[in-house]
Amino acid sequence: MIPEPLRQKLELRVAGATTNREAAVDIMKELQRHYGWLTDEALEEASQLLGLSPVQVEELATFYEMIYRRPVGRHVVHVCDSISCWALGSETLLESLAHLLGIEPGSTTADGAVTLLPCSCLGNCGEAPCIMVGEKQYGRMTPQAGAQVIAALRGATEQPHTPEEGSNF
Amino acid sequence: MEQILLKHTAPGQCLSFDEYRSVGGFGAVANALGTMTPAEVQQNVIDSGLRGRGGAGFPTGKKWSFVPRDLPGPRYLICNCDEMEPGTYKDRVLLERNPHLLVEGIILASYALGVHHAFIFVRYGYEQGAENLKQSIAAAERSGLLGKNILGSGFNLDLDVHQSAGRYICGEETALINALEGKRATPRAKPPFPAIKGLWGQPTVVNNVETLANIPAIINGGPLWWKNAAATPEAAGTKLFCVSGHVASSGCFELPLGMTLGGIIDGPCGGMRPGSRFKACIPGGASTPYFTARHRDVPMDFDPVAKAGSRLGTGGIIVFDQNTCMVAVTLNLIRFFARESCGWCTPCREGLPFVRHTLERIESGRGEIRDIDILREHVQMLNYAFCALAPGAMGPVDGLLKHFEEELLEHITAHRCPFTKAHKALERTEQQPCRS
Ligand SMILES: Cc1cc2nc3c(=O)[nH]c(=O)nc-3n(C[C@H](O)[C@H](O)[C@H](O)COP(=O)(O)O)c2cc1C
Ligand code: SF4
Ligand code: FES
């Protein structure tokens with residue numbers, strides 16, 4: 001259940017739209033911000049707010065890259081795998097971050113802290129290779145710089161996973 | 001060189017609303033609403049020769065002239081800032097440096113079109129740009145430049161920002177209209193064209209950010225002055241070229257339309273980065289066929305680039321050096337397009353993954369000679385898809401077949417990619433200073 005102030009805010013957003021469903025993306029994003037991902041419960045709530053059936057919301061939710069219909073970690077690290085970033089080493093960057101986190105791209109660390117996802121062009125190609133964490137973008141990434149971003153995310157309390165012996169970073 | 005769009009701006013800084021006004025910002029709105037008819041504004045845009053900066057290069061004034069002015073109900077203007085074509089980031093730069101220019105352009109275009117409600121469709125990842133726009137819109141409302149009875153002229157305009165959640169097809173204008181309506185963003189059949197039946201079934205113009213941002217200068221300086229900012233008599237205006245890849249300094253540069261490819265790379269980009277030699281580039285965003293060293297002298301303008309076998313597209317130039325495998329480049333691009341296919345029509349939904357498989361086989365050394373024919377057939381066949389995504393996706397494959405058939409054959413006969421190691425050696429290994 002979403003808190004009452006949030007519900008009121010979302011109702012206002014829907015009321016201000018030309019048609020209810022025009023607000024669908026905003027509503028899904030806000031609910032995702034609240035729950036961390038678009039849970040089944042959130043999907044129900046969105047459908048009530050928008051006056052759509054759950055399957056109509058599902059049809060939209062599964063269409064967009066940045067709406068998560070599966071659980072994600074507290075931080076989602078998106079690594080751009082499109083052409084300009086690829087030309088400057090995004091494959092190596094993604095591999096190194098996966099190795100550092102000890103997970104495959106597309107999955108979440110066991111402590112639920114970080115999900116690692118490849119993504120389409122972030123529109124920051126002059127600063128390639130790029131990553132995005134939440135809404136914050138980082139350009140000119142190297143494996144080392146990426147590791148620093150992740151260390152900062154996990155903060156002082158969360159200990160970074162130590163790569164196995166013999167790894168080359 | 002004449003700066004029209006990036007004038008008064010600096011990298012990494014957003015011009016404030018007051019600064020923009022102090023350098024004459026919104027003067028074109030005062031002038032147009034005070035002294036010109038909507039038809040005169042439209043005629044200025046026609047005379048300027050402005051062509052759309054969103055990829056297709058359609059003449060803007062002409063597009064506006066298709067909108068019927070006598071149908072009942074509202075008309076709409078949508079500014080397209082989906083900008084998800086890999087290698088393209090010019091609209092972002094504009095919004096991060098001077099969002100007010102776009103707001104002013106939208107007011108002028110809306111006045112010309114008789115539009116009272118306009119939208120800006122912004123992709124995810126451009127939260128800063130969207131925020132800048134919202135602040136500019138709020139400031140414009142406070143100053144009587146948006147809302148009811150703008151500057152006492154009797155003209156009304158509301159401007160809303162729609163923030164998307166990420167899908168390349170949303171940039172296609174009819175898919176964008178569906179997305180804005182809150183529907184699944186698959187393209188619509190044309191005709192009817194949006195100019196007749198668009199957003200909520202009403203006449204709608206969709207224009208790119210850079211296109212609209214040019215309107216204030218056309219009104220201020222006059223269409224001829226604006227047109228003559230180009231490098232050749234045939235071209236009109238300036239263009240934001242956003243360059244990425246293996247150049248010494250990547251960045252977004254405002255340059256005269258019609259400047260040569262070589263001039264752009266050796267000039268503002270400072271040539272290739274150390275250790276790199278130019279091999280090929282994508283001239284106008286991910287969906288355009290490659291240019292090679294023999295295209296250095298092609299003027300970067302719509303018609304000359306088309307004549308040379310590619311498209312000016314978005315002006316996103318992606319440069320590759322001698323160590324880059326063009327099969328791998330093409331595979332990367334096709335992976336993007338196959339992933340972003342909206343799935344609505346079979347040729348694209350089924351065809352692009354098939355092309356991807358074929359390229360994967362070739363790149364990993366398991367290709368056969370007949371794969372080249374398969375690729376060639378698909379370049380033809382995907383022209384019959386429902387929208388322009390699939391033919392665009394095959395642009396790079398077309399370029400690969402035209403200019404790098406030997407490289408394809410080498411992969412197939414040697415059963416391996418001849419480049420892998422060399423490419424990895426030149427990846428970004430240290431932080432380099434930011435120039436854009
Ligand atoms: C798959 C696809 C994606 C597109 N993406 C964009 C985009 O992100 N931004 C844009 O302005 N135009 C994009 N376009 C072109 C638009 O359909 C449309 O032609 C353009 O917005 C018109 O504006 P203009 O006349 O000012 O160029 C795309 C087209 C296709 C087929
Ligand atoms: S060509 Fe591709 S993107 Fe366009 S409608 Fe067909 S499936 Fe969708
Ligand atoms: S290709 Fe990575 S940001 Fe555009």
Side-chain angles (χ1 to χ4, degrees), chain A residues 16-29 32 50 52 56-68 78 80-93 118-130 132 134-137 139-145, chain B residues 83-89 91-93 117 123-128 162-168 170 179-185 200 242-246 250-252 282 286 316 318-321 324 328-329 332-333 335-336 339-340 342 423-424 426-432 434-436:
Chain A
T18 310
T19 64
N20 282 1
R21 61 184 307 163
E22 183 204 337
V25 173
D26 280 352
I27 299 297
M28 290 191 296
K29 278 187 181 169
Q32 173 163 293
L50 295 163
L52 298 173
Q56 284 174 310
V57 180
E58 182 79 302
E59 193 179 60
L60 293 171
T62 52
F63 195 76
Y64 289 107
E65 188 176 7
M66 293 296 150
I67 302 292
Y68 314 126
H78 290 276
C80 171
D81 65 4
S82 294
I83 189 64
S84 309
C85 291
W86 174 86
L88 288 166
S90 64
E91 275 178 349
T92 311
L93 179 65
C119 72
S120 291
C121 176
L122 291 166
N124 198 16
C125 329
E127 307 274 303
C130 302
M132 183 174 82
E135 288 181 354
K136 193 164 161 47
Q137 295 203 10
R140 299 179 187 255
M141 278 285 114
T142 57
Q144 295 77 10
Chain B
E83 193 161 80
M84 282 198 61
E85 175 124 334
T88 309
Y89 57 99
D91 297 343
R92 171 200 207 108
V93 169
H117 195 174
R123 61 163 289 171
Y124 83 87
Y126 286 14
E127 277 72 25
Q128 186 60 53
H162 174 100
Q163 290 178 263
S164 186
R167 199 69 197 260
Y168 170 58
C170 293
L180 202 55
E181 288 185 8
K183 298 185 180 142
R184 198 170 163 105
W200 294 302
C242 41
V243 190
S244 60
H246 300 148
S250 54
C252 179
I282 300 179
I318 312 157
V319 180
F320 305 107
D321 72 5
T324 317
V329 168
N332 175 283
L333 294 164
R335 279 188 177 140
F336 167 83
R339 183 204 281 164
E340 295 292 339
C342 82
H423 174 74
K424 295 252 165 181
L426 272 169
E427 286 177 356
R428 198 184 283 281
T429 47
E430 59 195 47
Q431 293 273 32
Q432 287 167 8
C434 167
R435 285 272 308 261
S436 64

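Order of the sequence lines fixes the chain letters, A, B, ..., with proteins taken first and strands second; residue numbering starts at 1 for each chain.
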task: Mind ranking Glu127(B), Gln163(B), Glu83(B) by heavy-atom pairs under 4.5 Å with chain A and telling me who comes out on top?
output: Glu127(B)
query: Is the closest side-chain heavy-atom distance between Ile282(B) and Val319(B) below 4.5 Å?
result: no
task: Could you tell me whether Tyr64(A) and Tyr124(B) have their ring centroids closer than 6.0 angstrom?
output: no
- prompt: Any side-chain heavy atom of Met141(A) sitting closer than 4.5 Å to one from Leu88(A)?
  reply: no
query: Do Leu93(A) and Thr142(A) touch side chain to side chain, with heavy atoms closer than 4.5 Å?
result: no
Region of Gln137(A) that comes under 4.5 Å of a non-hydrogen atom in chain B: side chain
query: Glu127(A) and Cys85(A): side chain to side chain contact (heavy atoms under 4.5 Å, CB included), yes or no, with the steps?
result: CA-CA 8 Å; Glu127(A) 307 274 303; Cys85(A) 291; over 6 Å; no
- prompt: Using non-hydrogen atoms only, which part of Glu181(B) is less than 4.5 Å away from chain A: side chain, backbone, both, or neither?
  reply: backbone
- request: Decide yes or no for Arg21(A) and Gln56(A): does some side-chain heavy atom of the first lie under 4.5 Å from some side-chain heavy atom of the second?
  value: yes
- request: Could you check which of Gly125(B), Cys242(B), Ser244(B) has the highest count of heavy-atom pairs closer than 4.5 Å to chain A?
  value: Ser244(B)
field: Toward chain A, the part of Arg184(B) with a non-hydrogen atom under 4.5 Å
entry: both
field: For chain A, the option from Gly182(B), Gly87(B), Ser164(B) that forms the most heavy-atom pairs under 4.5 Å
entry: Gly182(B)
- line: If one checks every heavy atom of Asn124(A) against chain B at 4.5 Å, the contacting part turns out to be both
- prompt: Under a 4.5 Å heavy-atom cut-off, does chain A meet the side chain of Glu340(B), its backbone, both or neither?
  reply: side chain
query: chain B heavy atoms under 4.5 Å from Asp81(A): which part of the residue, side chain, backbone, both or neither?
result: both
- request: Evaluate the ring planes of Tyr68(A) and His78(A), with Trp represented by its six-membered ring, and classify them as parallel (under 30°), tilted (30 to 60°) or perpendicular (over 60°).
  value: parallel
Flag side-chain contact, heavy atom, 4.5 Å: Thr18(A) against Trp200(B): yes
message: Are the side chains of Ser84(A) and His246(B) in contact, using a 4.5 Å heavy-atom criterion?
response: no
Between Gln128(B), Lys183(B), Met84(B), the one whose heavy-atom pairs under 4.5 Å with chain A are most numerous: Lys183(B)
Interchain contact, Val243(B) with chain A, by part (heavy-atom threshold 4.5 Å): backbone
- prompt: Is chain A contacted by the side chain of Ile318(B), its backbone, both, or neither, given a heavy-atom distance below 4.5 Å?
  reply: side chain
- request: Name the option with the most non-hydrogen atom pairs under 4.5 Å to chain A; the candidates are Glu85(B), His117(B), Arg123(B).
  value: Arg123(B)
- prompt: Hey, which of Ala24(A), Ser82(A), Cys80(A) has the most heavy atom pairs under 4.5 Å with chain B?
  reply: Ser82(A)
